[in-house]
Each structure stands twice: as C-alpha cells, then as structure tokens.
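Here the structure is laid out as structure tokens; the discussion comes afterwards.
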Amino acid sequence: MSGFSEDMPFFDEPNARPAAPSGIAARAMAARSTQNSAPDYLKGLNPEQRLAVETTEGPVLVLAGAGTGKTRVLTTRIAHILATGRAFPSQILAVTFTNKAAREMKQRIGLLIGEGNVEGMPWLGTFHSIGVKLLRRHAELAGLKSDFTILDTDDVVRLIKQLIQAENLDDKRWPAKQFAQMIDNWKNKGLGPDEIPEGDARSFGNGKGRQLYKAYQERLQTLNTCDFGDLLYHPIRIFRAYPDVLKDYHRKFKYILVDEYQDTNTAQYMWLRLLAQRPNGGRASASADSRSAEGRKPDRASEPLRGPHGGPAPAGAEQPVSVNICCVGDDDQSIYGWRGAEVDNILRFDKDFPGATIIRLERNYRSTAHILGAASHLIAHNEGRFGKTLFTDRDDPEDDKVHVHAAWDSEEEARAVGEAIEAYQRQKHNLNDMAILVRASFQMRAFEDRFITLGLNYRVIGGPRFYERLEIRDALAFFRVVSNSGDDLAFERIVNVPKRGLGEATIRQIHDTARAMQIPMLEAAARLAESDELKPKPRAALREVAANFERWQKALETTPHTELAETILEESGYTDMWKNDRSAEAPGRLENLKELIRSMEEYESLRAFLEHVALVMEAEQGESLDAVSIMTLHSAKGLEFETVFLPGWEEGLFPHQRALDEGGRSGLEEERRLAYVGLTRAKKNLHIWFVSNRLIHGLWQSTIPSRFLDELPETHVDVADGGNSYGGYGNPYGGGAFASGRGGGRQNPYGASRFDNIGAKDQGSFSNTYATPGWQRAQANRTEATDRNWGTRSGHQVERIGYGETDSGYGAGRTSVKGRTIEGELVAKSVADTPSAFKLGDRVFHQKFGNGNIAAIDGNKLTIDFDKAGQKRVLDGFVTSV
DNA sequence: GTTGGCTACATTTTT
DNA sequence: TGTAGCCAAC
C-alpha cells in the first residue's frame, strides 16, 4: 500500500540514531568531541543563529528579519543535523516556496557537507515539487496513474471553458478564468467539491459551481492530469484517508524545515501539520527531548487540524505530538495574503505547535543604520506582529540617510532616477548593484523609455516566462501527447499545428467520439481516420497525425529523448512552420526551440523534463550583463542591492487603492509590509520618490504623497530637492491619523503631511517632453527593443528575464476613482455624470501643460490642444479658464 | 483562416 | 490611454 520505493532505505534502519555518516560529517563530529571546539560550519554564527541551528529538537520558530542570515541558519541547521548523526539525509524534509530558494539551499548544503559525502540528499524542494514526488508514489490513491501530467494555467482555463459550455452556460457571463481562480482558491484552502461553502458554490454559473468543480476534477482524472492545486490537495486527502501511508512518512521524516513560513496558505499548513504532528507515544517522536510534550497546552492539542474541514488526525484519539519542525519566516515580510497566504499561520505558531521555541534573529548584516531605522519605524505602524527590531553594529557617519525625492510626474521621476543612476555609475558603482522596485508593473514603462534614450542597460525581471511562450507551449504539447496519450488538452492544442485543415468541425467530431467511447482524443482520431465518417482531406490529415504519434511513442523507448524531441518538431512540420514564417519574431522562436531542446539534455527522460517544466517556470538566465534591475516589489523579496530606488510612493498607487478598498486595514498593513520589504532590500543607498501627477488610464491625475512617507522617521530621512517649504517637520508621523478605522472615506485624513508641498516648485515649468526629439526617439526605440527578448541597439542592451513575446500590458493603475480626493475635491461625482462647465474652443490653463484650447468634451474629460504640449486628455478639474 | 473593429479592463504572482 | 480577447466579415 505504501508504495515506497528503493530510494528509501530507512525502513531497514534501526530505530536508534543512525550511525554517523562518513566524510566531513564524521570529521566534524570527531573534531567536536576531541577538541571541544565548535565545528567549522558553526563558526561565524552569532549566538541567536547558533541557537537556531542547535535547537534541533521540538518545534522551533525562527523569526528571521530581513538580512539576518535566514538561509544560512536553515542550511547550517541541516548540516548540523547530519553532522551530529541525528538523521540520514533522507530523513530530512525541507520545504521552500520558490525553486530559486530550493536551488540556493541545495547548493549551500552541498558546500557545507560536501556533495559526495552523504548518501542522497534531503527531500528538499518546493511544496509543489515535493507534492509531486508524494503523489507519484501514491497516484492510485488519488485515482491517477503515476505518470500523470501537470496542467498549466492555460490548459486549466481551456478545460474549464469546455465544461462551462457543456453545461450550456454563457461563457461570457461566467468567465472560465474566474472559475479557475475560484478552484485554485478552494484548493488552497484544502476544500474539495463537497466541502466548499454553499455561498461559493452558488455564486458561479447559475448556482452550478459545485457541479462544475466536480466535473472538473473528474475530467482531470480521466485525463490523468493534475493542476497545481492538486499537488497539495491530493497528498492532503491521501494522508487523511490512508493513515498507514501517513504513518510511513511519520517514520520517515525526523526533521522538517520550512522556509518563508509566513507565506504558507491553509493547504500548505494542513499538509505540514499532517506530516509534523504525530500520535503521542509513537516512535516517531522518540528523538524528541521531551520539550514538546512538556510544554503542551491543552487548547489546540485536541484540535489536530485547523481549517474548515480539518478532519481528525489519522491517529484518532491519541494526543498529537509534533516532530522536530523548524519554521523560518518573517511576519513583517508577508506580502502574499492576496493569494491565500495566511500570516496567521506564523503568528499562531506557538499555539499550533505547543512548547515551541521561538528564536528571533534581529542582527542585520545587510543595511546601514539609517535604512534599518527607517524600515523599523515604518513597520512599527503595523499591529498584529510578533515585533522585532532589527539592529546593526554598523555605525558609519559616512552612511547616507534615506533620501526622499519629489518629482513633478512620472517622466521627471524616471529622468531623475536615471540621473542618479548615472551619478552612481560615475562613482564606479556597478549597474548590477542597483535596482528600481515598483509597486505595479505599469510603472516600469517610464523607466524603460528613459533608459533607452539614455542608453542605460537595464534588465526587467518578472512577467511571463520562458515556458509560456507560444512556441514553447506548442512544442511541449507535442511532447506531452507522446508522453501521455491521454492528454487531450495538449492534443487539441496541436492537432492542427501546423495548419492541416482540421477545423472546428473535425475537432468537435474527434471530441465527441472520444467522449462517447471513453477514449483519449488521440485514439479517437486514429479510429476516425480509419472510418469513413470524415471527408477525404481531414481524414488524410488525421491519419498522418495519428501515425506520427504512434511512431513517436514507439521511438520513446528506443531513442534518446532530446533526439526524439528534435525529430518530433521536424516531422510534425513545426520547425518548418517557423522557418517559413517571415514575421520578425520567427527567428527568435526557432532560437527558443533550440534552447528548449538544449535544456532537455539535463534530464534523464522526457517525462522528467516535462515535470521540470511544469514545476519550474523560470528561465535561468546568466547575468553577464551589467544592468540596472527593474522589477516589482513582490519579485524583489529575498534580493538585496547596494542601491535601491523606490518610485511611486503616492496614495492610491502605494498603498494601492485596491488593496485599501478590498483589504481594509489588513490590506493597508500588507502594503506597509511591502514597503518594508522594499526598504530592506537596500544595503547602502536608498532613494524614495513620489510624484504630484501621474497618468492613469490615460488621464492625468493629481496625487498626494504616500502616507508611508510620513511614517519614516525624521532622523534617518533626508528630504532631497530643497528650495521649498515642506512646512517643516510638523506632525511627522501623524500619530495614527489613519491608525483607526479602515481607511475612512476620505483619502487624506492626515492633511498636514510634511510632503504636501514638495514638487510644487515645478509649477509653471511646462516641460514639454513629448515634443522633444528624445521622447520621440524613445518611442521609436521602445517598440524595437521590447519586441525582442534581447534587444541590442547601438551597444545598449536590454534584458528581459522571464519575459516572453507577450509584453503583458503596461496599462494599469487604479480601477476606480470613487471616493478619491483630488486636489481637495471628491471626483467620483464628476467622473460619473456631471457635465463639464467648459465649452468647445474655450481657452484654458493646465498646471502641467500650460495654455490651450478645448478641442473636444466627453463628459468631464476634455481633449485640449495645448500650445506647447500638443493634444492631451485631462479631467476638467485640472484646468481653469483663462 | 485571417483581419479589423468593437468592448472590457487596467496590482502584486508562485507553483 | 493601451491592450487583449472576441466576433463578424472577407
């Protein structure tokens, strides 16, 4: 039943501690016992870090502030467990959130313990990759075969769309994408179709939500596939339904480590608890030093699994005891609440794992005292946190304060940031050491434009990835069908690629046949090709397709997979299709296909490769180029840079209006944590910017400085760009003007911000950048540079890490302006319906663009021909009659 | 099967 | 304002 395979030798291991491993570990132990001095790997740890490493038994929560050596603690802890012979590698489970983190840990552990020296590695990976590993072993318990494939989000949406249509629902009214999101949310909470709240079920598809969810799960099963959520959800269900399976894992894993615990969602939490909590008296807790038993409080002990449907722990009435679980995280860096992460998981750790040791890492090795001071002061405005105060011994009077700058609008902001970067560059700073971290991706555009004109190398990180490119998906679809002929979604994607004259009608017919006979579409296609139900042309085409796949599937056993992959792309006519394509992207796509084949070499089989692609969506990129990084604050988590620029600190953008509207106070707190993450990325230099005018949805809006600026402590901040009255530092951090209630209706309740007047000095300088040659060149260049993933223009290089050809939308910003105060006036009303007080041809004045004549009026939106700035659309509230 | 015009929408994103 | 996605028309 348990289906353990050969690489789990521990079943024969004695119950007692394993014999000490060989190699470095043994030497470490020897060194320890003979000289009574710490082994090498412990050297250089501070006392808290060392405590976190050496407290191996019982539940431990390490609250690791930004830059306090979190990864080091985790990896050293693993090394320590191994070196002291507490466990074999295979008895350690280490979970991370991202592949990047997993990779980094693997590397570091390899360095610490010497790769060749230990038999096997710990189970180290992302929740999802470990989920796959588990699920492959017990696939049959989830109604799958062990060679199941993993669908990507695109497939999921297409599948759901089919189901919605099959239910005769209007797929416009009930968007598949939305439902996919709902399913994902449910799975993130560990909810199956029968467990979702009635309200949820009713809210979609004329009350057919539950039915659709069920149909979806059934469909996945017949296709022998999983979605991402299933990788967590199935193991949880298996653990619950088959206690003996779970028990095997209880015996297996003696030590569990979790990275970024603040980001766990409910499902991940359940998964962890199932693995970590075991029946009392079980031998699994034998190694515990009894701390966990002693300190147990009654409250949660009888409630083994929290959550709406957290059934009883498999062990029944026995009191659960947790293993040696060590979670590392930082509640102040929890920024993924919007996708289901529960900060609460970390805040409640000591209740969930009674008797937990909590260790704080507060000594920061990254940033200057000014940066830390600013960050700490800001984050202190949040309630509901463990409370940590980062400190550093560093005390260099040369260190710069945190700079706050004002700019008139986003262009000026980009220009000024560009200048600052060039200034640093002149002081021999590397571009690689600088980063611009934005709240929303639409902000990136201004910087890109500017840097292209300047010829400044930059690198955009984030966005759609390698595997999401059209040609990669197509190629993978071919491979998937070869690997799993039941993968109808992949089949549908490529039956008619390249074009073979198989239109909708034929595909429908294949579909229907497949459904009727309960066979995969590929097989149905093969049968149809042999029948006379089709017209000669599609029939011949199908016959060829079927013959191709049959041949490739046979070849799978005999041909090396890279070779086969190449053959498939050749024989299917796919490569030719792009070779014959004259469009600009075609060569790049062929290049990507080559890259794909090349990357397959590292994997031992086609299946292994497909799994890798499904789980690891990032394209690994060399960073040979010296370039400024531009990315969102979210993707900056975990990174550090010498110099950091944080533009766009304005109300509505940061904190984002939507976070405020939808998340209320907790939304605001998450935004604040995001700000904290941003601040703490900087090692030495930190520059924050805000503008007074921003173009949002094509309209110029006046903005007010972010409340977060007022939350920065005066002592560590230097407000740059002098020359104007900032109204002194009156009411610096406005004592909780917004600390109560959820945002309140009005946006600027702390009116007396010390930043209110900054930027005003620019009034009257109608910098007409649009008309400059520079701007126009930037426009022209932009298209060219962004069309390719790698644009090389006259020595200037642009790198897009993870960006595919779909340059996913710049347009973004704020959805609604309701309730938003602009220059002291509530705009909501005027946006809605108040007709403009102006007439066509009126002469008006605008702060940014100067004088002009009204060319068109659309409600309160005016199109104005400005004398200098050309035609612009602005809200009527921003112009005055002349 | 492609193309153009229309509409809806515009935060963050991993796996 | 920009764009993606969809449908109707060639």
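Here is the naming used below: chain letters follow the sequence lines, and residue numbers restart at 1 for every chain.
Using cut-offs of 30° and 60° for the angle between ring planes, the A/F179 and A/W186 rings count as perpendicular. Using cut-offs of 30° and 60° on the angle between ring planes, the pair A/Y336 and A/W338 is tilted.
A/E611 comes within contact range of no nucleotide atom at all, as no heavy-atom separation falls under 4.0 Å. Residue-level contact check: A/A614 touches neither bases nor backbone, having no heavy atom under 4.0 Å from any strand. A/F228 comes within contact range of at least one nucleobase, with a heavy-atom separation under 4.0 Å.
A centroid separation of less than 6.0 Å is found between the aromatic rings of A/F204 and A/W174.
Side-chain proximity of A/Y336 to B/dA10, B/dT13, B/dT15: nearest is B/dT13. Of all nucleotides listed (B/dT13, B/dA10, C/dG2), B/dT13 comes nearest to the side chain of A/R339. When distances are taken from the side chain of A/R439 to each of C/dG2, B/dT15, B/dT12, the shortest belongs to B/dT12. With B/dT11, B/dT2, B/dT15 as the candidates, the nucleotide lying closest to the side chain of A/K499 is B/dT2.
The CD atom of A/Q333 sits 20 Å away from the P atom of B/dT12 (whole-angstrom rounding). Between A/L231 atom CG and B/dT15 atom P there is a gap of 12 Å when expressed in whole angstrom units. If you take CD of A/E662 and P of B/dA10, they are 10 Å apart, rounded to a whole angstrom. At whole-Å resolution of the value, CG in A/L633 and P in B/dT12 are 11 Å apart. Atom-to-atom, CG of A/N265 to C1' of B/dT13 comes out at 13 Å; the value is rounded to the nearest Å. For A/E670 and B/dT13, the CD to C1' distance is 12 Å, given to the nearest whole Å. Atom C1' of nucleotide B/dT11 and atom CD of A/Q181 are separated by 13 Å, given to the nearest angstrom. For A/D581 and B/dT2, the CG to P distance is 10 Å, given to the nearest whole Å.
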Sub-3.5 Å pairs of nitrogen or oxygen atoms, protein against nucleotides 8-10 of chain C:
none

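Residue A/M444 comes nearest to A/I630 through the heavy atom pair CG-CG2, 3.6 Å, listed as atom of the first residue, atom of the second, then distance. Nearest heavy-atom pair, A/V495 versus A/R500, reported as atom, atom and distance to 0.1 Å: O-NH1, 2.7 Å.
The aromatic ring of A/W338 does not sit over the base of B/dT11, since the test of centres under 5.5 Å and planes under 30° is not met. The ring of A/H634 does not lie on top of the base of B/dT12; it is either too far (5.5 Å or more) or too tilted (30° or more).
With A/H656 contributing its side chain and A/R658 its backbone, the two residues share a donor-acceptor pair below 3.5 Å.
Comparing the P positions of B/dT11 and C/dA4 gives a spacing of 15 Å, expressed to the nearest Å. C/dG5 and B/dT12 have their P atoms separated by 16 Å, given to the nearest Å.
OP1 or OP2 of C/dC6 lies within a sub-4.0 Å distance of a side-chain N or O belonging to A/K161. Residue A/T632 has a polar side-chain atom (N or O) positioned under 4.0 Å from OP1 or OP2 of B/dT13. Residue A/S635 has a polar side-chain atom (N or O) positioned under 4.0 Å from OP1 or OP2 of B/dT13. In terms of phosphate contacts, A/S441 brings a side-chain nitrogen or oxygen within less than 4.0 Å of OP1 or OP2 of B/dT12.
Residue order along DNA chain B, read from the 5' end via each residue's closest nucleotide, puts A/G698 first among A/F127 and A/G698. Residue order along DNA chain B, read from the 5' end via each residue's closest nucleotide, puts A/A659 first among A/A659 and A/H128.
Rounded to the nearest 0.5 Å, atoms OG1 (A/T264) and CZ (A/F127) are 6.0 Å apart. Here the straight-line distance linking atom OH of A/Y233 with atom CG of A/L135 works out to 12.0 Å at 0.5 Å rounding.
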- Message: Apply salt bridge (Lys or Arg N to Asp or Glu O under 4.0 Å) to residues A/D409 and A/R694 and explain how you reach the verdict.
- Response: CA-CA 6 Å; A/D409 63 11; A/R694 205 170 269 283; over 6 Å; no
